[in-house]
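Just below is one structure, and these are the notes that go with it.
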2 protein chains.
Amino acid sequence: MLKVKVYVTLRESVLDPQGSAVQGSLHSMGYSEVADVRVGKYLELTLEKSDRDQDVIIREMCEKLLANTVIEDFRYEVEEVVAK
Amino acid sequence: MLKVKVYVTLRESVLDPQGSAVQGSLHSMGYSEVADVRVGKYLELTLEKSDRDQDVIIREMCEKLLANTVIEDFRYEVEEVVAK
């Protein structure tokens, strides 16, 4: 079994209204140190081993479903899970 | 300046209908290897340095706004940003 951690973030050039809203809330709560907030997604996938190349299928899943590559970037990390 | 990466995930015991929906979509796209999906949030905060303790204010911001600690866990990483 593999645990795959996928991070999906908006591209730098894309405005992030959700991040601006969070920043505004933090400011009004007194956290004036916060200069910027960007909000993204974090997904944890558990994959069974198969004879397909894991990097190919993870990349395909990200490009086809998990991230909108027009406005988002993604990166991922793969960890081996030791069966209990 | 500090860059803080915050990861907010649903607690293990909490059902994740969004993750189940993503898993269902991946299955119907032919990715039968996917045994489980959990969806969380990923936030990048940029903080200006202040004389308040960074760990204290990051933890406060997470507990008060960024995560719902009844059903979510959070963890964070802090990186120093070198000014350009």
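Every chain is numbered from 1, with letters handed out A, B, ... down the list of sequences. The figures here come from the full heavy-atom set of this structure, side chains too, leaving out hydrogens, waters and symmetry mates.
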- Most contacts with chain B, counted as non-hydrogen pairs under 4.5 angstrom, among Ser32(A), Ser50(A), Gly30(A), Gly40(A):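 Option with the greatest count: Gly40(A).
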
- Query: When heavy-atom pairs shorter than 4.5 Å are enumerated against chain B, which of Gln54(A), Lys49(A), Arg38(A) gives the highest number?
  - Reply: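 Looking at each option in turn, the highest pair count goes to Arg38(A).
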
Test of understanding: clusters of I, L, V, M, F, W, Y form through side-chain heavy atoms closer than 4.5 Å, transitively. Do [X] and [Y] belong to the same one?
X: Phe74(A); Y: Leu2(A); result: yes
X: Val78(A); Y: Val81(A); result: no
X: Val6(B); Y: Val37(A); result: yes
X: Ile58(B); Y: Met29(A); result: yes
X: Val70(A); Y: Leu10(A); result: yes

- Thr9(B), Leu47(B), Thr46(B), Ile57(B): which one forms the most heavy-atom pairs within less than 4.5 Å of chain A? Thr46(B)

- Max heavy-atom pairs within cutoff under 4.5 Å with chain A, candidates Leu43(B), Val39(B), Val34(B), goes to Val34(B)

- Per-residue contacts, residues 61-69 of chain B versus chain A, heavy atoms under 4.5 Å: Met61(B), Lys64(B), Leu65(B), Leu66(B)

- Note on the structure: Under a 4.5 Å heavy-atom criterion, the part of residues 15-22 of chain B in contact with chain A comprises Val22(B)

- Message: Please list all pairs meeting salt bridge (charged side-chain N to carboxylate O under 4.0 Å, His left out) that have one or both residues in residues 1-10 of chain A, counting only residues at least two apart or in different chains.
- Response: Lys3(A)-Glu44(A), Lys5(A)-Glu79(A)

- With a 4.5 angstrom heavy-atom cut-off, which part of Gln23(A) approaches chain B: side chain, backbone, both or neither?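 Neither; nothing under 4.5 Å.
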
- Item | From Leu26(B) atom CG to Glu60(A) atom CD, the distance as rounded to the nearest 0.5 Å | 11.0 Å

- Check whether any side-chain heavy atom of Asp36(B) lies under 4.5 Å from a side-chain heavy atom of Leu45(A), and answer yes or no.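 Counting from C-beta outward, Asp36(B) and Leu45(A) never come under 4.5 Å.
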
- Item | Counterpart residues, ring-ring contact (aromatic ring centres under 6.0 Å, His included), relative to Tyr7(A) (two or more places apart) | Tyr42(A), Tyr7(B), Tyr42(B)

